[in-house]
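Comments concern the structure below.
Everything numeric here is computed off the predicted structure, so don't read it as measured data.
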Amino acid sequence: MKRAPITYRQRTISEEKLARIREIERAFHVRAFGEELAKVNLDLTIEQRLRYIEWMRELARKNGVSAAEPGDCCGS
Amino acid sequence: MSPTELHSFYEELVRRLRDRGVVCAITSGLACVHYGVAESTKDCDLLCHPGSFAELLALLAGTRVEEVACQYRGNNSPPLDARWHRGGWTSHFEWVARDETVTLDVFGHALRESSPWEQDLVGLYAGPQTVAEMKRTNRDKDWSFITALGLRMLEADDAKGWLHIFNADTLAKLVQTIPCPPEIAGKRPALDLALSSDPRIAGALNAERKFWEELDRRRIQMMERHLRPYVAAIRKARSGRQLPLLEEHRLRIECASKHLAENPLKDYGLQRYIEETRNGLIDSGLIPKEALAWLPDVMVYFEFLNG
């Protein structure tokens, strides 16, 4: 597991169920974000993920995509 | 700054605030990246206890990026003051550096927090429950992030993750894998449908999402309406000048005191706002009337406005 922990509590579900949840999670990421981003999300460390985002942003910039506007006035 | 440098900059800001005894945490997009859901945002959303706004403001006033000082962003940022943050307003700051503008949005309350965000911290970040609740917006892109966070919570054995699964196939697979506690299922009618393999589950999840989107759209509309006289007053008072942060802050407090309602949603009536949103979904044909039964009771997400 390369991702940051999200809780300080001890997990109680079995390894088998955990493996199944991870399978479901991967299927969702592939469907929602695509194969490549699923790998970025699930298999990379935070440093590698940040480098990927940097590359993605740089590629967008080179191709004339302007930076997104910051959020609206009401915190949406 | 590269995303890595930006991440370090924001994390360092949180560390320095905590060293001063301030309860604060990074949330939204950067928290998603931290938890393993990549988002290309470079804006930082920061949760900060309203009782510590003076410390935060002082730190921002003394923090430079490439020798550039921090300033309020544009004319439409409400002041960093507990009175307005209690009503769900947020404050916006920026450092206009040579290559890139670094931005910081500050929230005293996490929008739609069902419990105080201060009770849900993981390291320097807001917990996934808070982040997922904040993402229930009217922006399409946020909904996959919510489900991804819900999945991570379930994987970490946190049953509240069930409240954030908005994909019907994923939900159907999950109910066959791990039990959903009755007290959680009771908070969300769509979960009952999933547990009984009811084919209407996709429609129920869609209706629930539309409800959240419409709640957000109406909230923004109302806040923007209230913001207009304040923005006009700020524009007039500044008359194009760029003031030092603390001076600008005093000006914003003065303008907000005269022109910005502290808590527009509460003034309007929370129950009225929720009811009108529900009815609006039917009237506009966004969801069928039968779907009203599948919508959760959302009052708990707005109760912080009564605080």
Side-chain angles (χ1 to χ4, degrees), chain A residues 1-14 16-34 36-61 65 67-76, chain B residues 2-4 6-7 28 33-43 45 73-74 76-78 88-90 92 94 100-101 103 105 107 111 122-123 125 127-128 134 137-139 144 147-149 151-158 167 169-170 173-174 177-178 216 219-220 222-224 227 231:
Chain A
M1 175 50 61
K2 291 175 173 175
R3 294 176 299 170
I6 64 160
T7 178
Y8 298 116
R9 289 180 309 156
Q10 186 77 33
R11 192 187 283 123
T12 57
I13 49 176
S14 68
E16 192 190 349
K17 282 186 176 169
L18 182 60
R20 177 65 187 134
I21 294 173
R22 287 185 175 156
E23 246 177 66
I24 297 168
E25 186 180 30
R26 188 169 291 274
F28 171 74
H29 277 251
V30 169
R31 184 97 185 106
F33 305 111
E36 184 163 310
L37 268 179
K39 284 182 187 156
V40 171
N41 288 340
L42 302 172
D43 302 331
L44 301 188
T45 63
I46 178 78
E47 289 79 16
Q48 291 168 325
R49 198 173 306 123
L50 287 170
R51 277 202 296 276
Y52 179 87
I53 293 171
E54 193 169 351
W55 169 81
M56 206 162 62
R57 214 180 275 160
E58 188 52 36
L59 187 69
R61 203 168 17 229
V65 179
E69 287 297 309
D72 60 60
C73 60
C74 310
S76 181
Chain B
S2 70
T4 313
L6 262 180
H7 241 72
S28 306
V33 176
H34 182 74
Y35 291 135
V37 197
E39 191 175 355
S40 72
T41 183
K42 59 185 181 58
D43 308 322
D45 286 354
R73 193 167 73 232
N76 68 353
S77 171
W89 292 105
T90 56
H92 313 281
E94 66 182 1
E100 205 167 15
T101 298
T103 64
D105 291 345
F107 296 71
L111 298 177
V122 184
Y125 290 82
M134 289 184 83
T137 70
N138 64 346
R139 293 180 302 204
S144 295
T147 296
L149 288 166
L151 276 160
R152 280 229 62 195
M153 291 168 75
L154 291 174
E155 184 199 310
D157 218 0
D158 181 347
N167 179 283
D169 291 339
T170 305
K173 289 179 203 163
L174 285 168
T177 307
I178 45 170
D216 197 42
R219 179 188 68 84
I220 292 172
M222 197 183 304
M223 302 294 261
E224 281 180 345
L227 200 64
V231 173

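- Taking chain A as the reference chain and counting heavy-atom pairs below 4.5 Å, the highest number among V33(B), T101(B), V231(B), T170(B) is found for V33(B).
- Within the 4.5 angstrom heavy-atom criterion, only side-chain atoms of A27(A), from C-beta onward, approach chain B.
- For E100(B), the part lying near chain A is the side chain, with the backbone staying farther off; criterion is any non-hydrogen pair under 4.5 Å.
- Ion pair E25(A)/R22(A) not flagged as a salt bridge, since none of the NZ, NE, NH1 or NH2 atoms sits closer than 4.0 Å to an Asp/Glu carboxylate oxygen.
- Classified by interplanar angle (parallel below 30°, tilted 30° to 60°, perpendicular above 60°), the ring pair H34(B)/Y125(B) is parallel.
- Side-chain contact, T103(B) with D43(B): a donor N or O sits under 3.5 Å from an acceptor N or O.
- For Y52(A), no part lies near chain B; criterion is any non-hydrogen pair under 4.5 Å.
- Using a 4.5 Å cut-off between heavy atoms, L37(A) contacts chain B through its side chain alone, with no backbone atom that close.
- Looking at R49(A), its side chain does come within 3.5 Å of a backbone N or O of V40(A) through a donor-acceptor pair.
- Side-chain polar atoms of T147(B) and N167(B) form no donor-acceptor pair below 3.5 angstrom.
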